[in-house]
Engineer: 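For reference, the structure I am asking about is given below.
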Amino acid sequence: MKQLLQIITDIQTQQIVGNSDVQVDALIIDSRKAAQHVMFFAQKGTITDGHQYIPDVVAAGASVIVCEELPAIIAANVCYIKVANVAEIVGVVAAAFYNHPSKEAKVLGVTGTNGKTTVATISYQLFTELGYTCGLISTVQNHIGSTIVPATHTTPDPISLQHLFRQMVDAGCTHIFMEVSSHAVHQHRIAGIQFDGGIFTNITHDHLDYHKTFDEYIRVKKTFFDNLGKDAFALTNVDDKRGMVMLQNTKAEKKTYSLRVPSD
């Protein structure tokens with residue numbers, strides 16, 4: 001349970017309509033989960049537009065609606081928050097709702113076309129063998145310490161992801177290793193996560209059904225490193241000709257690895 005104003009301090013709002021002095025018990029992007037005191041994010045997806053479900057969510061008792069367009073009918077007992085892009089701010093709000101769990105552990109993100117699962121899993125296993133309590137978020141399965149949690153996506157939706165981070169931290173995890181897909185970067189699923197490091201494995205001509213062009217695929221991958229903080233590290237594979245391209249604009253400390261050319 002959180003007061004609304006506590007969890008929207010890090011987002012830029014265009015307009016707030018209604019009483020903002022309300023409590024929020026849960027965050028949802030799925031209108032079917034609507035209930036009393038929930039905060040609903042009306043996302044515009046590729047198939048459906050969450051805005052069309054606002055009346056149903058309000059009828060179910062939602063206290064806050066985050067949207068890009070205010071509905072024609074404004075309910076008296078609901079707070080409406082208008083933003084430029086709903087998808088961009090879900091993770092940021094979710095991080096605040098769960099008390100910024102990624103700040104309480106060392107978080108390593110692994111991205112690339114191939115090898116993400118292997119690198120994240122071996123890192124998790126290595127640090128576990130060294131005596132640390134670790135979390136793992138991967139395509140195959142998620143781990144909270146030694147407990148296995150089924151995985152449904154390479155990177156969960158931002159609300160589920162922040163909830164998983166909170167569970168990991170509360171279970172004593174000091175290190176969290178996660179795959180970061182290009183889809184997750186593009187869809188802002190990793191927004192609100194404070195990464196302590198990022199690893200680039202390689203890039204090949206995959207996923208062009210989603211990204212349309214190879215240049216766009218590279219740009220999205222690179223965004224992950226662009227957003228790393230100056231206290232983080234960025235480790236790249238310089239055997240891949242685009243390895244250093246990934247780190248062109250990062251503020252993080254740059255490190256390299258390879259099999260064929262000189263590296264760190």
Engineer: Would you sort out whether Y217 and T113 count as a side chain to side chain donor-acceptor pair (under 3.5 Å), showing the intermediate values?
Structural biologist: CA-CA 10 Å; Y217 183 32; T113 306; 2.9 Å; yes
Engineer: Just checking F195 against F224, ring centres under 6.0 Å apart?
Structural biologist: yes
Engineer: Please find the pair of heavy atoms, one from N85 and one from E68, that lie closest to each other, and give the distance.
Structural biologist: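 Scanning both residues completely, I find the closest heavy atoms to be CA-OE2, 3.6 Å.
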Engineer: Kindly compute the distance separating CG (N99) from CD (E104), expressed to the nearest 0.5 Å.
Structural biologist: 7.5 Å
Engineer: Is a donor from one side chain sitting under 3.5 angstrom from an acceptor on the other, for D21 and Q3?
Structural biologist: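 Per modelled atom types, D21 and Q3 side chains form a pair under 3.5 Å.
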Engineer: So which atom in A60 and which in A34 form the shortest heavy-atom distance, rounded to 0.1 Å?
Structural biologist: CB-CB, 3.6 Å
Engineer: Check for a donor-acceptor pair, side chain of H51 on one end and backbone N or O of E69 on the other, with a separation under 3.5 Å.
Structural biologist: yes
Engineer: Thinking salt bridges, do K221 and E216 make one under a 4.0 Å N-O criterion?
Structural biologist: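 Not counted as a salt bridge, because no side-chain N and carboxylate O are separated by less than 4.0 Å.
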Engineer: Are any of the side-chain heavy atoms of T204 and N114 separated by less than 4.5 Å?
Structural biologist: yes
Engineer: Please tell me if the side chains of E179 and I137 come closer than 4.5 Å, counting only heavy atoms from C-beta onward.
Structural biologist: no
Engineer: For the backbone of Y98 and the side chain of R166, can you confirm whether one donor and one acceptor N or O come within less than 3.5 Å of each other?
Structural biologist: yes
Engineer: Report yes if the distance between the aromatic ring centroids of F177 and F127 is under 6.0 Å, otherwise no.
Structural biologist: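 Ring centroids of F177 and F127 are less than 6.0 Å from each other.
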Engineer: Verify side chain to side chain contact (heavy atoms under 4.5 Å, CB included) between Y257 and D264, making sure each step is shown before the conclusion.
Structural biologist: CA-CA 6 Å; Y257 72 94; D264 296 322; over 6 Å; no
Engineer: Is there a side-chain contact between V140 and T121, using heavy atoms and a 4.5 Å cut-off?
Structural biologist: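 Contact flag for V140/T121 side chains = no.
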Engineer: Check S63 against Q23 and note the closest heavy-atom contact, atom names and distance.
Structural biologist: OG-O, 3.3 Å
Engineer: Hey, what do you get for OH (Y132) to NZ (K106), rounding to the nearest 0.5 Å?
Structural biologist: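 Those atoms lie 10.5 Å apart.
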Engineer: If you apply the rule side chain to side chain contact (heavy atoms under 4.5 Å, CB included), what do you find for M168 with V107, and how did you get there?
Structural biologist: CA-CA 11 Å; M168 289 177 173; V107 181; over 6 Å; no
Engineer: If you measure from CG on L259 to CG on N237, what distance do you get to the nearest 0.5 Å?
Structural biologist: 7.5 Å
Engineer: Group every Ile, Leu, Val, Met, Phe, Trp and Tyr by side-chain heavy-atom contacts under 4.5 Å, then state whether F97 and I16 land in the same group.
Structural biologist: yes
Engineer: Which value, rounded to the nearest 0.5 Å, describes the distance between L228 atom CG and K254 atom NZ?
Structural biologist: 11.5 Å
Engineer: Test of understanding: clusters of I, L, V, M, F, W, Y form through side-chain heavy atoms closer than 4.5 Å, transitively. Do I65 and I74 belong to the same one?
Structural biologist: yes
Engineer: Shared ILVMFWY cluster between Y53 and F41, side chains joined below 4.5 angstrom?
Structural biologist: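 No, because Y53 and F41 fall into different hydrophobic clusters, even though each may have its own neighbours under 4.5 Å.
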Engineer: Are I199 and L136 joined in one hydrophobic group, where the rule is that I, L, V, M, F, W and Y side chains link up if heavy atoms are under 4.5 Å apart?
Structural biologist: yes
Engineer: If I compare all heavy atoms of I54 with all of P71, which pair ends up nearest, and what's the gap?
Structural biologist: CG2-CG, 4.3 Å
Engineer: Between the main-chain N or O of R219 and the side-chain N or O of T223, is there a donor-acceptor pair closer than 3.5 Å?
Structural biologist: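 A pair under 3.5 Å: yes.
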Engineer: Return yes if a side-chain donor-acceptor contact under 3.5 Å exists between S263 and T256, otherwise no.
Structural biologist: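 T256 and S263 do not have a side-chain donor-acceptor pair below 3.5 Å.
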Engineer: Per the side chain to side chain contact (heavy atoms under 4.5 Å, CB included) rule, which among D49, V86, V66 passes with Q43?
Structural biologist: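 Filter result, single survivor: V86.
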Engineer: Is it true that, when you exclude Q12 itself, more than 12 heavy atoms of the residues, nucleotides or ligands shown sit nearer than 6.0 Å to its CD?
Structural biologist: no
Engineer: State, without any angle test, whether D157 and S160 hold a side-chain donor-acceptor pair at a distance under 3.5 Å.
Structural biologist: yes
Engineer: Find the distance between OG1 (T236) and CD (Q248) and round it off to the nearest 0.5 Å.
Structural biologist: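 Here the rounded value is 11.0 Å.
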Engineer: Does the side chain of V119 reach to within under 4.5 Å of the side chain of I122, using non-hydrogen atoms?
Structural biologist: no
Engineer: Between V22 and I7, is there shared hydrophobic-cluster membership here, with clusters defined by ILVMFWY side-chain heavy atoms closer than 4.5 Å?
Structural biologist: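 Cluster IDs for V22 and I7 match.
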Engineer: Quick check: do V64 and V78 have side-chain heavy atoms less than 4.5 Å from each other?
Structural biologist: no
Engineer: Just verifying a value: how many Å separate S182 OG and I203 CD1, rounded to the nearest 0.5 Å?
Structural biologist: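 Interatomic distance, S182 OG to I203 CD1, rounded to 0.5 Å: 7.5 Å.
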Engineer: So, the side chain of E253 versus the backbone of K230: is there a donor-acceptor pair under 3.5 Å, distance only?
Structural biologist: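 Such a contact is absent between E253 side chain and K230 backbone.
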Engineer: Would you name the heavy atoms of L161 and P156 that are closest together and state the gap between them?
Structural biologist: CD1-CD, 3.8 Å
Engineer: Determine whether a donor-acceptor pair (N or O, by modelled atom type, separation under 3.5 Å) exists between the side chain of D25 and the backbone of V38.
Structural biologist: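 Here the side-chain-to-backbone pair does not exist.
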Engineer: Among I193, L108, V110, find the residue that satisfies the side chain to side chain contact (heavy atoms under 4.5 Å, CB included) test when tested with M178.
Structural biologist: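 Passing option: I193.
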Engineer: Are V90 and I159 side-chain neighbours, meaning at least one heavy-atom pair lies under 4.5 Å?
Structural biologist: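 Side-chain contact under 4.5 Å: yes.
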Engineer: Just do the side chain to side chain contact (heavy atoms under 4.5 Å, CB included) check on I73 and V58 with the steps written out, would you?
Structural biologist: CA-CA 11 Å; I73 300 174; V58 169; over 6 Å; no
Engineer: Are there more than 12 heavy atoms of other residues, nucleotides or ligands under 6.0 Å from atom NZ of K44?
Structural biologist: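 It does: K44 NZ has more than 12 such atoms within range.
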Engineer: If you count heavy atoms of other groups shown closer than 6.0 angstrom to CG of L130, is the number above 12?
Structural biologist: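 Yes, because the 6.0 Å sphere around CG of L130 holds more than 12 heavy atoms from other groups.
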Engineer: Is a side-chain donor or acceptor of T133 paired with a backbone partner of C173 at a separation under 3.5 angstrom?
Structural biologist: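 Not a single qualifying donor-acceptor pair exists.
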Engineer: Determine, stepwise, if the pair N19 / C79 fulfils side chain to side chain contact (heavy atoms under 4.5 Å, CB included).
Structural biologist: CA-CA 5 Å; N19 180 20; C79 180; 5.8 Å; no
Engineer: Step through the shown structure and confirm whether more than 12 heavy atoms of other residues, nucleotides or ligands are within 6.0 Å of NZ on K251.
Structural biologist: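 Yes, because the 6.0 Å sphere around NZ of K251 holds more than 12 heavy atoms from other groups.
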Engineer: For residues A232 and G197, report the shortest heavy-atom separation together with the two atoms involved.
Structural biologist: CB-N, 4.2 Å
Engineer: Strictly distance-based, threshold 3.5 Å: is any side-chain N or O of K116 a donor or acceptor partner for the main-chain N or O of G112?
Structural biologist: yes
Engineer: Can you tell me if T13 uses its side chain to pair, donor with acceptor, with the backbone of V83 under 3.5 Å?
Structural biologist: no
Engineer: Report yes if some heavy atom in the side chain of N249 is under 4.5 Å from a heavy atom in the side chain of K222; otherwise report no.
Structural biologist: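 Yes, side chains in contact.
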